[in-house]
Amino acid sequence: MVSPYERQKELQIAKNKELLKSLGLEKPLFEPKEKPRKKATPQKRKRTDEDTENIEPSARKLQRAEDSSESGTLSIGLRRSSRNAGKAVDYSGERTLSSPQSVIRNKTSGNDGPMGREDGKRVHNPKTYGHIPGIAVGTWWLSRQDCSQDAVHAPWVGGISGGRQGAYSVALSGGYDDDVDLGYGFTYTGSGGRDLHGTKDKPKNLRTAPQSSDQSFEHSFNQMLKVSSETRNPVRVVRGFKLQSKYAPSEGYRYDGLYVVEKAFMEKGNNAKGYLVCRYVFKRLPDQPPLPVREDYEDLDSVEEPSAEED
DNA sequence: GGGCCCGCAGGG
DNA sequence: CCCTGCGGGCCC
C-alpha cells in the first residue's frame, strides 16, 4: 500500500520528468563524437599496489581513523559515506566509468596538518562563469573541500555559488529526493526553508536540516539561479555520491561540465507539510564529453503509469 | 548506524 | 561583520 505522501512524491517526480522530456533533455543535444560509454569498460582492473599508490593521499587524510581501528585500508575509505556501506570502493573502476579526460584530483593530502592541508591556495578564481582552466569535465574529487580548492565549486557545504550575473556553480548532492536527474537535464531545488537553529530549548547549529518552511526567490541563492535563467550564463555542475541517480558518482564528487538554467518556478516540495520550493530545470550544453553512467545503479523507474500499481 | 556540532567560504 | 549552507568527522 502506497501512502498518500509517497503517492504525491511519485506524481511530482513523474511530472518533472515529463517536463524534462518535453524539453528534450533526456539525451544530449548533439550526438557526442565519441559514443557514450553505456557500460563500464570491461577491463575493470583489480586494485593493485599501483592504484593504492594513487589514492594514497586521500587515505592519508583518514589516518586518524585508521589509528583507532584495526580494520583494513579499504574500510577507512568507506567510512566517509555511510550510504555506500558494504559497497566496494573501486577507485580504478571509478576512473573507467568517467569520461576519457577524467582525472582524480585530491589535494587534501596534507602530511600532518590539522585538516590535512598543505597547500590551501587556490590557483583560479571560482567566481567566474564557465570552465576552470585546467579542470577537465569528468574531474573527480574525494571531498567538497578538494573541489573547492580547484575552484570548481567554492562552498564546502552550500549547493549554490553565484554572483550578480547568476550562479557560477551548483552541487547535486541528493538533498531533495524529488529532484529528477536525466543526466543531460535535471531539476534542482533551491536553498533555504530549513531550520538550522533548532528550537529555543533545543538549539542546534546545523548546516543542513529538514524542510520546515517555504522557500522563496527572495533568498539570495535562489535569486541567483533565477537570474541565471535570464542571463543564461553557464553554470558548472558537480554531482556528488549522495545523489540518487545513475549519473551520480558512486563515491566523491565529479565535475560534469556546463549547464544552463532553462526554467525557474515554484512548486510544492516533497516534504511532509508540502512547503513550497524553488525549482529549476538545468540543461547540459552541447559539445562536452559524454556523461558516465552507473550501470550498477538500480533505476526504480516505475513511475510511468500512475494507474498501474494497484496492489 | 544516528545524532551532534565544528570550521570554513561566500555573499550582503 | 553578520548570516547561511545538499560536509563531514566524532562520539555515542
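All heavy atoms count here, side chains included; hydrogens, waters and symmetry mates do not. So that the names make sense, note that chain A is the first sequence line, chain B the second, and so on, each numbered from 1. Keep in mind it's a predicted model, so treat the numbers as computed, not measured.
Judged by Watson-Crick or G-U wobble contacts below 3.5 Å, the nucleotide B:dA9 has C:dT4 as its partner.
A:Arg122 has a side-chain polar atom (N or O) that falls below the 4.0 Å cut-off from OP1 or OP2 of B:dG10. Taking 4.0 angstrom as the limit, A:Lys204 places a side-chain polar atom (N or O) nearer than this to OP1 or OP2 of B:dC4. Here A:His153 does not reach the OP1 or OP2 of B:dA9: none of its side-chain N or O atoms lies under 4.0 Å away.
Looking at heavy-atom distances under 4.0 Å, A:Asp179 makes contact with a base. Counting non-hydrogen atoms under 4.0 angstrom, A:Leu243 reaches nothing in the nucleic acid. Among the atoms of the strands shown, only primed sugar atoms or phosphate atoms (P, OP1, OP2) are found under 4.0 Å from some heavy atom of A:Tyr253. Contacts of A:Gly240 with the nucleic acid, taken as non-hydrogen atoms under 4.0 Å apart, are absent. As judged by a 4.0 angstrom heavy-atom cut-off over every strand, A:Gly175 is placed among the base-contacting residues. Within the nucleic acid shown, A:Leu206 comes within 4.0 Å of at least one base atom, counting heavy atoms only.
When distances run from any side-chain atom of A:Thr208 to the nucleotides B:dA9, C:dC6, C:dT4, the shortest one goes to C:dC6. Looking at the side chain of A:Pro126, the nearest of the listed nucleotides B:dG10, B:dA9, B:dG12 is B:dG10.
Taking each heavy atom of A:Ala151 and A:Asn125 in turn, the nearest pair found is CB-C, 4.1 Å.
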